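Below is one structure, written out as structure tokens, with a few remarks after it.
In this text the structure is predicted, and so the values were computed from the model without any measurement. In the text below, chain A, chain B and the rest are named by the order of the sequence lines, each starting its count at 1.
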Protein chains: 2
Amino acid sequence: MNERLPIFNSAVSIDCVLFGFDNGELKVLLIERNGQPFKDWWALPGNLVGENESVDQSASRILHELTGLSNIYVEQYYTFGEVDRHPQGRVISVAYYAMLRLSGDKALKPLTSYVKNVQWINIKEMPKLAFDHQNIFNKALEKIKRRIKHLPIAFELLPEKFTLTQVQNVYELILGKKLDKRNFRKKILSFGVLKELNEKQKGVSFRAATLYKFDKRKYFKLFGKEISF
Amino acid sequence: MNERLPIFNSAVSIDCVLFGFDNGELKVLLIERNGQPFKDWWALPGNLVGENESVDQSASRILHELTGLSNIYVEQYYTFGEVDRHPQGRVISVAYYAMLRLSGDKALKPLTSYVKNVQWINIKEMPKLAFDHQNIFNKALEKIKRRIKHLPIAFELLPEKFTLTQVQNVYELILGKKLDKRNFRKKILSFGVLKELNEKQKGVSFRAATLYKFDKRKYFKLFGKEISF
DNA sequence: CCAAAAGTGTTCCCTCTACACCCATGC
DNA sequence: GCATGGGTGTAGAGGGAACACTTTTGG
């Protein structure tokens, strides 16, 4: 680790598990590969880390290239370094999960020569994935299952104004189980980080729900105290 | 990511935060560097990932070279990938924390040309560290603070047979606060993974404490249910 | 007999859980 | 008026926190 660095041909890549919530469904953005290996397979979006960017920056860049958006919530969660995980050489991959407010409208799909299709896919209908991406995806789900209990990541998936039922929906999809409505509301409101708006849902054919928004200021004040779902 | 891999000169290294518990103190194994850069500074043990080993294997190898021991408990926890973290080139480092039963006797110190000293240092008396190792160390502590609440990692630091006071000691050192003795014992025993032995502490000049051991079989049965300290 | 640590129960409070009905709205 | 989800309270159980004294042992 001193003198000259003895380096062999390795590469570091980033893989991103980008989650979106839309219409009551939890989705992941997958790409369909256009080149070898695993041509025509579905895969997680990813790319090599550039020479002059940190791994965090690299993840943000990849997400930006994919969606056209900046400021996507993104967290590193694990590094996959098996010797044979890439058939063409040694590639160590740092994995990130990311979360996005889907509004039905967004979800741009800028194709490149490497990618012939980009699609939001319901996590309950995942196709087979290239490389070890199934494993990478599974681990992302595990991580967010754990982290959603401490961190307000659910709100990264929701629009700015949301109903409590939507919040509950996100929790249920991530945790993979039904929750009691009354208990859920008591708890989520007891954190004191949701602000009730003088505004109701619109365009629904039933009683309109009250809208809330996530109060980041209050959340950062509470930091230290941990949310514990 | 297809065709040929465009590779630049990067390297992947491993850094290990190896914890040990001895004599009521929580310690970390640090090395004193013998080469540039940061010659004579203290640093975390680490090395480059070899061409034919996974990152996990690499961490185990480094720990083995350092201590002569195999089967050290080790977990990956974060990857540090800032562009400028190594003054001699781009080095992305995958960090692991590890835990070891110190019995006063062990703690071998195989020096190399790169290392002029290896020492167990109380985490309350840490020197300045080379590179971004202070940051890597801090993050390791944060991680184990969180994980000790779910995972039985405390027992990795303890000898096979231990007293409840020793367990409490480890929890207090990692969490950085005093715990109530009666409540602690109730809770730790309520998990049902400690086996009381028909054996007492020896060689102490006061009432000898009952020895316990960690029952891995029971623990793995409980898996699914989570321990929650 | 003194020093040092082992070992042990109870009370209070708060949080978690289980559970079911009426309300508002659009069609 | 009916279908659809919105919104609400309570009782019981269990778990967490606070708290102090007696026991054992070696020296």
* To do: Grab the CD-C1' distance between B:Glu196 and C:dA6 for me, whole Å please.
  => 12 Å

* To do: Provide, to the nearest angstrom, the distance between the CZ atom belonging to A:Phe184 and the C1' atom belonging to C:dC16.
  => 15 Å

* Asked: Base, backbone or nothing for each nucleotide of nucleotides 19-27 of chain D, written B, S, -, heavy atoms under 4.0 angstrom, 5' to 3'?
  -> BB--BBBS-

* Ring centroid separation for B:Phe162 and B:Phe214, is it under 6.0 angstrom? -> no

* Could you check how far CZ of B:Arg185 sits from P of D:dG15, rounded to whole Å? => 21 Å

* Excluding sequence neighbours, so at least two apart, what forms ring pair (Phe, Tyr, Trp, His ring centres under 6.0 Å) with A:Tyr96? -> none

* Asked: For the pair made of CG in B:Leu189 and P in D:dG16, what is the distance, rounded to whole Å?
  -> 14 Å

* Going by an N to O cut-off under 4.0 Å, is there a salt bridge joining A:Glu65 and A:Arg61? -> yes

* Asked: Any luck finding a side-chain donor-acceptor pair between B:Asn138 and B:Glu142 under 3.5 Å?
  -> no

* **Spacing between A:Lys200 atom NZ and C:dA24 atom P, to the nearest angstrom** => 10 Å

* To the nearest Å, give me how far apart NZ (B:Lys187) and P (D:dG14) are. => 17 Å

* Can a salt bridge be assigned to the pair A:Lys177 and A:Glu172 using a cut-off of 4.0 Å between side-chain N and carboxylate O? -> no

* To do: Please work out if B:Ser190 contacts a base, only the sugar-phosphate, or nothing of the nucleic acid, heavy-atom cut-off 4.0 Å.
  => nothing

* Atom pair distance, as rounded to whole Å: CG in B:Leu179 and P in C:dG7 -> 17 Å

* Does OP1 or OP2 of D:dG7 have a side-chain N or O of A:Thr210 closer than 4.0 Å? -> yes

* Report yes or no: is the cationic atom of B:Lys139 (NZ for Lys, CZ for Arg) closer than 6.0 Å to the six-membered ring centre of B:Tyr78, at no more than 45° off its axis? => yes

* Can you label the angle between the A:His133 ring and the A:Phe131 ring as parallel, tilted or perpendicular, going by 30° and 60°? => tilted

* Asked: Do B:Tyr97 and B:Phe19 make the cut of ring centroids closer than 6.0 angstrom?
  -> no

* DNA chain D contacts made by residues 152-172 of chain B, counting heavy atoms under 4.0 Å -> none

* To do: Give a yes or no answer on whether the side chain of B:Arg101 reaches the backbone of B:Leu158 with a donor-acceptor pair at less than 3.5 Å.
  => yes

* Structure fact -> Taken to the nearest whole Å, CD1/A:Ile188 to P/C:dT15 is 16 Å

